[in-house]
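Reviewing the structure listed below.
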Amino acid sequence: MTDADDFCPTAEDGAESDQQHPLILQRVQEEPKSWQTVVSNRLKKNCSCTPKKAKSKILGFVPIVKWLPRYQLKKWILGDVMSGLIVGILLVPQSIAYSLLASQDPIYGLYTSFFASIIYALLGTSRHISVGIFGVLCLLVGQVVDRELALAGYLPENSILSSNDSSILLGNSSFGMDCDRSCYAITVGATVTFTAGVYQVLMGIFQVGFVSIYLSDSLLSGFATGASLTILTSQFKYLLGLKIPRPQGWFTLFQTWYSVLSNLQNTNVCDLVTSLVCLMILLPTKELNDRFKAKLKAPIPFELFVVVIATLASHFGNFNIDYGSGVAGTIPTGFLPPQMPLWSLIPNVAVDAFSIAIVGFAITVSLSEMFAKKHGYTVDANQEMYAIGFCNILPSFFRCFTTSAALTKTLVKESTGCQTQISGIITALVLLLVLLVIAPLFYSLQKCVLAVIILVNLRGALRKFLDIPSMWRVNRVDTSIWLVTMATSALVNTELGLLVGVLVSALCVLARTQQAKVLKLGRASNREYYEDVSSYRGLQTLPGVAVFRYDAPIYYANQSLFKKSLYKSAGLDPLREKSRVMKFKKKKEKQQEVPDAKPTHEDEAGVTLMENKSLRSVVIDGSSISFLDTAGVNALKEVRKDYAELGVKVVLAQCNTSVLDSLHRGGYYPKTESDGAEETVIFYTIEDAVRYVQSLSAANGDHDSKC
């Protein structure tokens with residue numbers, strides 16, 4: 001590799017003369033390694049086992065073993081106990097309520113929150129997030145459960161036959177034992193949860209925790225908001241006491257509203273009145289909690305108060321018997337024996353479980369990283385994958401459904417003094433008390449009250465619509481991704497919304513690289529600094545030398561756009577010039593065949609076409625070109641070749657090492673005739689490249705060019 005040193009002389013001396021020398025850097029030469037060496041080193045690193053490494057792996061896989069011995073009891077215990085109690089109290093009504101979304105009995109929601117709190121406390125790396133029931137995942141699980149129930153032959157929950165009678169329709173062929181609608185529903189939910197957990201653990205094993213970076217905040221927010229609209233719609237039948245099945249497939253939002261409006265005459269007045277009263281209580285009280293959260297040591301559990309009062313009113317008013325109001329029903333105490341997932345069902349739910357796994361992991365990692373950054377510690381994305389995966393695998397044997405981190409409960413946990421995941425264990429103890437003693441007391445709790453609790457907790461997601469104008473002003477691309485993802489999730493299909501959001505995000509990234517334009521640069525008057533002449537005043541351009549910058553990688557999708565933009569900015573399209581020259585030559589040959597033909601004014605202009613062009617050199621600033629592929633290297637070779645045919649020199653400056661390596665491998669640099677070695681001229685500054693091309697012009701007798 002040789003650097004250019006034949007620059008035009010200057011009249012300056014001393015320090016000024018030193019500045020004229022080009023910058024020369026020595027590349028670090030990496031020793032080539034065979035693939036056998038690389039594989040051997042990888043195996044030694046990942047497969048070797050020493051006592052120290054085994055201890056590190058165990059402590060890393062079960063983080064509580066690492067941080068619990070350093071627990072500061074006097075300093076942290078009060079905050080952890082307080083936050084654990086508050087979150088546990090809030091989780092009781094929410095766990096029962098969100099069971100409706102997952103098409104499960106209330107007891108299974110309590111099971112899910114209990115097991116998730118304990119397992120994440122053992123395996124999680126975040127000190128603050130609360131893992132448990134999350135509305136969007138409950139909706140996704142519920143859609144799968146309802147679909148499989150219909151395929152198995154079970155009648156809808158609110159049909160004329162009771163749930164016990166519906167087991168006769170299946171013929172019990174799936175289990176070889178008596179299993180009613182409720183039993184099969186949790187079996188489907190647990191199988192989906194198990195499959196999603198396996199996906200998450202496998203992603204942790206293969207170190208693919210980085211996939212979360214491809215789910216942007218705008219994508220996740222749009223997906224959650226769209227799913228919230230679907231959740232809102234699905235709860236209206238409970239608010240009105242309507243007995244209609246949940247629609248399946250695409251456009252469920254429209255199907256649900258059609259069913260609700262078609263059955264308005266069947267509204268249960270008792271449920272409607274109860275829903276309105278609960279809404280009138282919970283909406284303002286939740287707003288008060290939000291407004292005065294800085295002054296309150298802990299949020300007031302108005303949801304629990306409403307659940308207790310509504311349960312007492314329903315019990316003593318005989319709402320279920322006298323008015324036909326839907327109630328939670330029998331909630332047993334204690335735990336059921338473990339049960340294996342239904343293996344034959346896994347192929348049916350594998351695709352659904354994958355989308356559920358991705359959403360659950362992405363939300364958990366984004367929340368854990370957000371709170372870790374806020375409080376000054378780090379989390380391990382792959383360990384979070386393990387943690388949330390086992391929060392799904394192990395509870396699935398105890399009739400639980402899918403879990404992830406939840407923002408609202410995490411905010412409550414943080415604001416009430418949480419310091420470590422000891423608060424999660426306290427939360428689990430509160431839920432254990434409910435499971436062992438209190439659960440049967442919620443028998444008369446109306447389902448419409450649970451639906452109100454779900455709606456009230458959707459306020460945060462629905463408020464995102466008020467942020468659209470400000471989001472649009474900040475970044476229109478991100479807002480467009482948000483709108484497309486939200487609309488697809490809400491109006492078409494929830495899972496499809498996630499896929500569409502990912503595809504739109506990828507297309508937006510590609511579009512940004514294709515919208516990049518070549519910028520013409522000028523030199524600052526008092527420094528050797530070049531910037532866009534269309535963005536800054538007072539920049540000077542050099543006679544005969546044009547400096548350009550391209551703010552994007554050059555690859556197969558935009559290489560033609562790069563050339564077109566460069567030729568347009570330079571004001572000289574070599575392909576068009578060559579076409580003109582060829583036309584002129586053909587015309588001249590025809591004229592030579594005619595003896596007395598005289599050249600026209602157009603012919604004279606064609607002869608002097610290139611002589612009137614002032615461009616002699618092109619310098620391309622490669623500092624913003626992050627990478628080149630084969631098509632990109634070929635594009636640069638074509639640019640250099642096309643301009644060389646017109647007598648215009650093209651050089652590159654300020655390329656990073658990745659681009660330099662790509663140019664070297666792609667054969668960009670010409671080889672000398674003597675020894676066949678590459679004639680490499682590398683410029684690390686634009687100024688060096690400009691002086692070099694000016695020196696070439698001076699050597700060729702172009703006295704208008706100045707250093």
Side-chain angles (χ1 to χ4, degrees), residues 91-116 132-152 154-159 162-164 166-167 174-175 179-197 230-231 234-235 237-238 245-246 248 326-336 338-339 341-342 345 349 352-353 356 360 391-392 395-404 406 431 434-435 439-440 442-443 445-451 453-454 457 494:
L91 267 178
V92 172
Q94 290 186 15
S95 298
I96 297 174
Y98 281 106
S99 299
L100 291 179
L101 275 179
S103 298
Q104 306 296 339
D105 290 345
I107 188 65
Y108 301 127
L110 294 171
Y111 286 163
T112 301
S113 296
F114 169 75
F115 284 108
I133 289 179
F134 181 56
V136 175
L137 294 183
C138 290
L139 173 68
L140 296 176
V141 172
Q143 290 175 343
V144 179
V145 169
D146 285 350
R147 183 192 69 205
E148 294 302 320
L149 284 172
L151 291 175
Y154 287 101
L155 292 179
E157 183 182 7
N158 298 311
S159 62
S162 67
S163 60
N164 290 329
S166 64
S167 64
S174 299
F175 295 96
C179 187
D180 60 12
R181 188 183 191 280
S182 171
C183 167
Y184 192 70
I186 189 56
T187 301
V188 174
T191 304
V192 172
T193 300
F194 174 82
T195 310
T230 305
I231 294 171
S234 69
Q235 297 309 297
K237 67 178 183 179
Y238 296 109
R246 178 187 292 181
Q248 296 294 317
V327 296
T330 303
I331 304 178
T333 57
F335 294 91
L336 297 173
Q339 173 182 291
L342 187 57
L345 196 62
V349 301
D352 306 282
I356 291 172
C391 280
N392 288 321
S396 68
F397 293 98
F398 295 91
R399 297 172 176 82
C400 299
F401 47 91
T402 315
T403 57
S404 74
L431 294 170
V434 174
L435 284 167
F442 295 111
Y443 174 90
L445 177 61
Q446 293 169 269
K447 290 184 178 180
C448 63
V449 177
L450 302 177
I453 292 174
I454 293 174
N457 283 286
T494 310

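- L110 pairs with exactly one of I96, D105, I133 by the side-chain contact (heavy atoms from CB on, under 4.5 Å) rule, that one being I96.
- Residues satisfying the side-chain contact (heavy atoms from CB on, under 4.5 Å) criterion with P93, sequence neighbours excluded, are E303, L304, V307, I453.
- Pairing each heavy atom of A439 with each of P332, the nearest pair is CB-O, 4.1 Å.
- The aromatic rings of F335 and F114 sit tilted, their planes meeting at an angle between 30° and 60°.
- Counting only distance, with no hydrogens or angles, the side chain of S99 and the backbone of G109 share a donor-acceptor pair below 3.5 Å.
- There is a side-chain donor-acceptor pair under 3.5 Å between S95 and S113.
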Task: Verdict with supporting geometry, T330 and Y443, side chain to side chain contact (heavy atoms under 4.5 Å, CB included) - done: CA-CA 5 Å; T330 303; Y443 174 90; 3.5 Å; yes
Open item on the list: Pair L450, L445 - check side chain to side chain contact (heavy atoms under 4.5 Å, CB included), show working.
Closed with: CA-CA 8 Å; L450 302 177; L445 177 61; 3.4 Å; yes
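- In this structure, N392 contributes its side chain and T403 its backbone to a donor-acceptor pair below 3.5 Å.
- When atom types are taken as modelled, the side chain of Q104 and the backbone of A102 share a donor-acceptor pair closer than 3.5 angstrom.
- Ring to ring, F397 and F194 are close: their centroids are under 6.0 angstrom apart.
- The closest donor-acceptor contact from the side chain of T112 to the backbone of F401 lies under 3.5 Å.
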